[in-house]
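The block underneath contains the structure these notes are about, expressed in structure tokens.
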Amino acid sequence: MKRNVSFSQIKITKFEMTLGDNPSCRIGAPVRLAWDSCGEENHNLDEYEREKNAPRKQKHLFIPSNVRKCLLVSDAGYSLQELKEAIKQGNKTKRQRQ
């Protein structure tokens, strides 16, 4: 017996960006997604597939350190001191892993 599964709708959930703790961040403060969502969008799957952009190359997935800093301070409300502490903790974790 052959079975089929199909989808017609997708839901995209959006999350705020928050100060992260990833020690692999080379320059500046790391970012991560917050746990709480900040919005949802429902789309027809066929329309979404027609209108979406081409997949990005890996080099375009990185957020430059100056942009991360602006996002964390301006949009997320972190202080420069909090960013410095996150960078310091990330560097400490890196040294412990070597």
Cluster overlap Ile27 with Ile87, hydrophobic side-chain contacts below 4.5 Å: no
Arg32 side-chain N/O to Asp21 backbone N/O, donor-acceptor pair under 3.5 Å: no
Nearest heavy atoms of Gly77 and Glu82, plus distance in Å: O-OE1, 4.4 Å
Residue pairs passing the salt bridge (charged side-chain N to carboxylate O under 4.0 Å, His left out) test where at least one lies in residues 45-64, sequence neighbours excluded: Glu49-Lys52
For the student: nearest non-hydrogen atoms of Ala29 and Arg68, plus distance: O-NE, 2.8 Å
Interatomic distance, Thr13 atom OG1 to Asn42 atom CG [nearest 0.5 angstrom]: 8.5 Å
Distance (rounded to the nearest 0.5 Å) between Glu41 CD and Tyr48 OH: 9.0 Å
Within-4.5 Å side-chain heavy-atom neighbours: Asn44 and Gln9: yes
Minimum heavy-atom distance between Cys25 and Gly28, given as atom pair plus value: SG-O, 3.5 Å
Heavy atoms of other groups near Lys94 NZ, more than 12 under 6.0 Å: yes
Donor-acceptor side-chain pairing of Glu85 and Gln81 below 3.5 angstrom: yes
Remaining members of the apolar cluster that contains Leu83, side-chain heavy atoms under 4.5 Å: Met17, Leu19, Val31, Ile63, Val67, Leu71, Leu72, Val73, Tyr78, Leu80
Between NE2 on residue His43 and CD1 on residue Ile12, distance to nearest 0.5 Å: 4.0 Å
Ser37 versus Phe15, closest heavy-atom pair with distance: CA-CD2, 3.7 Å
Minimal non-hydrogen separation, Gly90 against Pro23, with atom names: O-CB, 3.6 Å
Euclidean distance, Asn66 CG relative to Lys69 NZ, rounded to 0.5 Å: 9.0 Å
